[in-house]
Engineer: 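Would you mind keeping the following structure in view while I ask a few things?
Note that the coordinates shown come from a computational prediction; the quantities given were computed from them, not determined experimentally. Values reported hereafter were calculated over all heavy atoms of this structure, with side chains retained and with hydrogens, waters and symmetry mates removed.
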Amino acid sequence: MKSLQSWPEPVTRVQSLAASGIRAIPERYIKSPSQRPLLNNDAQEVNVPVIDFQNLFSSDRGLCEEALCCVHNACREWGFFQVVNHGVNHELMKRTCEVWHEFFNLPLEVKQEYANTPATYEGYGSRVGVEKGASLDWSDYFFLHFMPLSLINKNKWPAIPASCRELVAEYGSEVVRLCGKLMKVFSMNLGLEEDSLLNAFGGEENVGACLRANYYPKCPQPDLTLGLSPHSDPGGMTILLPDENVAGLQVRRKGSWLTVKPIPNAFIINIGDQIQVLSNAIYQSVEHRVIVNSNKDRVSLALFYNPKSDLLLEPCKELLTKDQPALYKPMTYDEYRLTIRIKGPRGKKQMLEEKLKNGRGHCS
């Protein structure tokens, strides 16, 4: 779309705003009173379900079945869980986070060489959505593609720090491998053949994977804004490597916002809208957002694992019955995510309504 080729107005880097010493944030970043976070509320900090990933493949049948049950319940009831003993090298996780810290602390003119556009989002960015005058979030980011292989252009990845491209490639490869294992677990838990969900995504050679390195600068008025507005992830699933020392992710549960407490060396996994669609809402994508901090900046890494963009996705026929008909109409991932490309993140309901059948939908 022509409208997606450029941003509607000059882009301001949030990190530059934060470094300027301002005491009040610009009006564009101030959220409506109903969207503003409640800070310093320790009672709202929670651990989402924690899964020992190695138990999912244990030779001990009891351990394996217990772990599978925990994942199934987390996907149904929370849409989020954390995994430990996941097989991704801890030192690699640490070094990859560190290299992104180094990138975001480079001079602005170096980072600007990678400035992105809304056509693909690939590169250095500070906003999502192309609506002129839209409310903005207190964050910068770097977005890049891992899969399919035809989309990889390492010249668009940061050349500085010198180790960035190598670390990002290795990290992406390990996390994508973890995603493949999770897809098998989800399929088995739904009573499907273990490759069913992966095949629905287009198969191993065609799935999409991309990384968003998020930078949330210190904010002088964190009670008035958000690092990322409420949304559910439009793709398949997200593997988040959070900052262990600075809380940020909040999950909406039973009408309340709960701050997720990260576990050292764990990944936070969340179900995306496309797995909700394929499972016919047995598994739930859940609205979430990011808060910011007045004293500390924060880096997190989100790897998105998505279906092939031009495949029609609809509920798996094996999961449909007379009493449980299809809740969603067929739609490609490209068609579905176009709403975010235009309007930016605006909660879950807006997105799933794009796929609901008239008068027969389900939206939680």
Engineer: Quick one: NE2 on His86 to CE on Met93, what's the gap to the nearest 0.5 Å?
Structural biologist: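 That separation rounds to 4.0 Å.
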Engineer: Inspect the surroundings of CD in Glu66 and state if more than 12 heavy atoms from other residues, nucleotides or ligands are less than 6.0 Å away.
Structural biologist: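 Atom CD in Glu66 is not packed in, count stays at 12 or less.
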Engineer: Can you list every salt bridge (charged side-chain N to carboxylate O under 4.0 Å, His left out) pair that touches residues 200-217, not counting sequence neighbours?
Structural biologist: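 Of all non-adjacent pairs touching residues 200-217, none passes salt bridge (charged side-chain N to carboxylate O under 4.0 Å, His left out).
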Engineer: Heavy atoms, side chains only, cut-off 4.5 Å: are Met237 and Met183 in contact?
Structural biologist: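 Answer yes - side chains close enough.
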Engineer: Is the distance from the ring center of Tyr124 to that of Trp100 below 6.0 Å?
Structural biologist: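 Ring centres of Trp100 and Tyr124 not closer than 6.0 Å.
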Engineer: Restricting to pairs with a member in residues 153-163, which pass side chain to side chain donor-acceptor pair (under 3.5 Å), not counting sequence neighbours?
Structural biologist: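 Side chain to side chain donor-acceptor pair (under 3.5 Å) check on residues 153-163 returns no pairs.
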Engineer: Side-chain contact, heavy-atom cut-off 4.5 Å: Gln284 with Ser232?
Structural biologist: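 Side-chain contact under 4.5 Å: no.
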Engineer: Is there a salt bridge (charged side-chain N to carboxylate O under 4.0 Å, His left out) between Arg95 and Glu170 once you walk through the steps?
Structural biologist: CA-CA 11 Å; Arg95 290 167 59 209; Glu170 185 179 357; 5.2 Å; no
Engineer: Can any side-chain N or O of Asp140 pair as donor or acceptor with the backbone N or O of Val14 at less than 3.5 Å?
Structural biologist: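 Yes; at least one donor-acceptor contact below 3.5 Å.
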Engineer: For the NZ atom of Lys261 and the CG atom of Leu249, what is their distance to the nearest 0.5 Å?
Structural biologist: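 Output value for this atom pair is 15.0 Å.
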Engineer: On the 0 to 90° scale, with breaks at 30° and 60°, tag the Tyr121-Tyr141 ring pair as parallel, tilted or perpendicular.
Structural biologist: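 Taking Tyr141 first and then Tyr121, their aromatic rings sit tilted (interplane angle of 30° to 60°).
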Engineer: Quick one: closest heavy-atom pair of Glu174 and Asn89, and the distance?
Structural biologist: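 Looking at all heavy atoms of both residues, the shortest contact is OE1-N, 3.1 Å.
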Engineer: Without swapping roles, check the side chain of Asp310 against the backbone of Thr332 for a donor-acceptor pair under 3.5 Å.
Structural biologist: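 The answer is no, because no donor-acceptor pair under 3.5 Å joins these two groups.
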Engineer: Between Tyr215 and Arg13, is there a cation-pi geometry (under 6.0 Å to ring centre, at most 45° from the normal)?
Structural biologist: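 No, Arg13 and Tyr215 do not form such a contact.
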Engineer: Could you verify whether a donor N or O on one side chain and an acceptor N or O on the other, from His288 and Asp233, lie under 3.5 Å apart?
Structural biologist: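 There is such a pair between these side chains.
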Engineer: Please tell me if the side chains of Asp137 and Thr225 come closer than 4.5 Å, counting only heavy atoms from C-beta onward.
Structural biologist: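 With C-beta onward as the side chain, the pair stays apart.
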Engineer: Which ILVMFWY residues can you reach from Val84 by hopping between side chains whose heavy atoms are under 4.5 Å apart?
Structural biologist: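 So far as hydrophobic clustering goes, Val84 is joined with Val50, Ile263.
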